[in-house]
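What follows is a set of notes on a single structure, which appears directly below.
All residue numbers in this chain count up from 1 along the given sequence.
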Amino acid sequence: MLIPVAIFLYAFYGFLVFWVVMSFIALFHLMTFGIKNMVTFFAASIYIVISVLVITTTFTSMQPIEWQTPINELPNIDISAPLS
């Protein structure tokens, strides 16, 4: 059975949506219930900048990948062959 590599891309997109939602919730709680001073805003800013850099680097490194390449799920497995 052949499956395309794009399955991993869709799984990554799903994880990315989950991560963005959780990041918004975390930043909302930090700004709402945290101590409102420069350290809070600095920490939130650093988190956002590092997150954007990681996502940008990830998408840049994923661009040359051919996502329609199939993967053979069970390559060359002979079920009738003896184990010894």
Within one Ile-Leu-Val-Met-Phe-Trp-Tyr cluster: I50 and F42, side-chain cutoff 4.5 Å: yes
Shared hydrophobic cluster for M31 and I48 (ILVMFWY, side-chain gaps under 4.5 Å): no
Over all atoms of both residues, closest heavy-atom pair of T58 and V54: OG1-O, 2.7 Å
Geometric class of the W19/Y47 ring pair [parallel <30°, tilted 30-60°, perpendicular >60°]: tilted
Parallel, tilted or perpendicular: ring planes of F33 versus H29, cut at 30 and 60 degrees: parallel
F12 CZ: over 12 foreign heavy atoms closer than 6.0 Å: yes
Heavy atoms of other groups near I46 CD1, more than 12 under 6.0 Å: yes
Backbone N/O of V52 and side chain of T56: donor-acceptor pair under 3.5 Å: yes
Does the side chain of [Y] come within less than 4.5 Å of [X]'s, by heavy atoms?
X: V17; Y: Y13; value: no
X: W67; Y: I7; value: no
X: I65; Y: L9; value: no

Candidate list I25, T32, L30, test side chain to side chain contact (heavy atoms under 4.5 Å, CB included), partner F28, passing option: T32
Candidate pair L16 and F59, rule side-chain contact (heavy atoms from CB on, under 4.5 Å), full reasoning: CA-CA 11 Å; L16 199 60; F59 279 115; 3.7 Å; yes
